[in-house]
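A quick note: this is a predicted structure, and the numbers were derived from the prediction, not measured.
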Amino acid sequence: QSQAAARDLDEARRELAEERRRAEADLAREAAAKLVDEIKGALIRQQHIVAETERYEALKQTGKLTRAAALGLLDLAREQESLAEEARATAERLASAAAFRLALDGAAGDMNRAAQLLRERRTDAGVLRAEQAAVRRYAQLLDALKPSSGQGPAGGGQEGGSGGQGGQQASNDDSVSAAELRLLKLMQEDLNVRTKELDELRRRGPLPLDRREEFERLGDEQGELADLLVELLGAAADGDGGSPSPERKPGDLESPGGKP
């Protein structure tokens with residue numbers, strides 16, 4: 001009887017562990033899907049702000065803005081500030097996923113700069129650059145969160161298997177790390193494009209103040225990307241017990257050279 005009771009107890013524990021594993025997997029998938037929906041919504045709103053800025057710029061080209069248009073521009077600045085605050089809040093919530101936090105903090109910074117310029121009734125190329133930079137960051141986040149084969153959104157893991165609770169946790173962690181590496185790669189590619197553009201402008205003559213400030217921000221971002229990549233690759237190596245084979249090595253990260 002004691003042996004039968006022990007077997008029943010072990011079976012009950014296994015069933016409880018399996019139920020817990022399934023619940024954790026469901027919660028992870030739900031959280032990842034919610035994050036994707038949140039970013040999609042923010043992207044749509046940011047694209048609307050870009051379209052409205054372009055509309056106001058077209059109005060300015062036809063003459064002075066009316067009082068109603070000036071008030072509308074102020075409302076647009078407030079909308080941009082609100083979206084920046086939401087991005088900061090999401091970044092805080094994702095503090096454990098450093099790459100996502102970096103991208104969202106970057107988007108918030110872009111949007112705050114755009115909002116300040118909108119408050120100055122500017123709708124020119126400088127404003128649009130900041131707004132469109134935020135659009136690109138949201139698009140990069142969505143690309144990074146696209147599921148791998150057989151998975152839900154990053155962080156969702158896979159259902160089934162015999163790895164148990166620890167195996168499920170490892171699967172979720174691996175999925176998040178892979179998404180972060182994809183995001184860093186996308187951010188690096190965008191940074192390279194922007195750096196090349198500024199280098200070409202610099203060869204034609206001195207950069208204006210706003211572009212010099214942008215160049216300095218790119219240098220800071222490059223340092224953060226490189227540090228974060230090294231950190232993520234080190235964590236992957238510790239988890240695998242060996243050396244990872246990433247798509248990009250730390251040495252492949254190009255830093256904006258020189259000063260404007």
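Gly106 and Arg137 make their closest contact through C-NE, 3.3 Å (heavy atoms, listed as atom of the first residue, atom of the second, distance). Across all non-hydrogen atoms, the minimal contact from Leu218 to Thr195 is CD1-OG1, 3.8 Å. Closest heavy-atom contact between Glu131 and Ala114: CG-CB, 3.6 Å. Residue Ala98 comes nearest to Glu180 through the heavy atom pair N-OE1, 3.0 Å, listed as atom of the first residue, atom of the second, then distance.
A salt bridge is absent between Asp199 and Lys196: the closest approach of a Lys/Arg side-chain nitrogen to an acidic carboxylate oxygen does not fall below 4.0 angstrom. Ion pairing between a basic and an acidic side chain is recognised when a charged N comes within 4.0 Å of a carboxylate O; Asp105 and Arg88 show such pairing. Using a cutoff of 4.0 Å between basic side-chain nitrogens and carboxylate oxygens, Lys34 and Asp37 are not scored as salt-bridged. Here Arg129 does not pair with Glu197 in a salt bridge; the nearest charged N to carboxylate O distance is not below 4.0 Å. One finds a salt bridge joining Arg194 and Asp190 here, because a Lys/Arg side-chain nitrogen approaches an Asp/Glu carboxylate oxygen to under 4.0 Å.
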Step-by-step side-chain hydrogen bond (donor to acceptor under 3.5 Å, both in side chains) determination, Glu189 to Gln140:
CA-CA 10 Å; Glu189 290 171 351; Gln140 290 162 9; over 6 Å; no
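Remark: Arg122 CZ is packed, more than 12 non-hydrogen atoms of other residues, nucleotides or ligands lying under 6.0 Å away.
Side-chain contact between Ile49 and Val135 is absent, with no heavy atoms from C-beta onward closer than 4.5 Å.
At least one donor-acceptor pair under 3.5 Å links the side chain of Thr90 to the backbone N or O of Glu86.
In this model, a donor atom of one side chain and an acceptor atom of the other lie less than 3.5 Å apart for Gln188 and Asn192.
Linking ILVMFWY residues whenever their side-chain heavy atoms come closer than 4.5 Å, directly or via other members, leaves Leu186 and Leu191 in distinct clusters.
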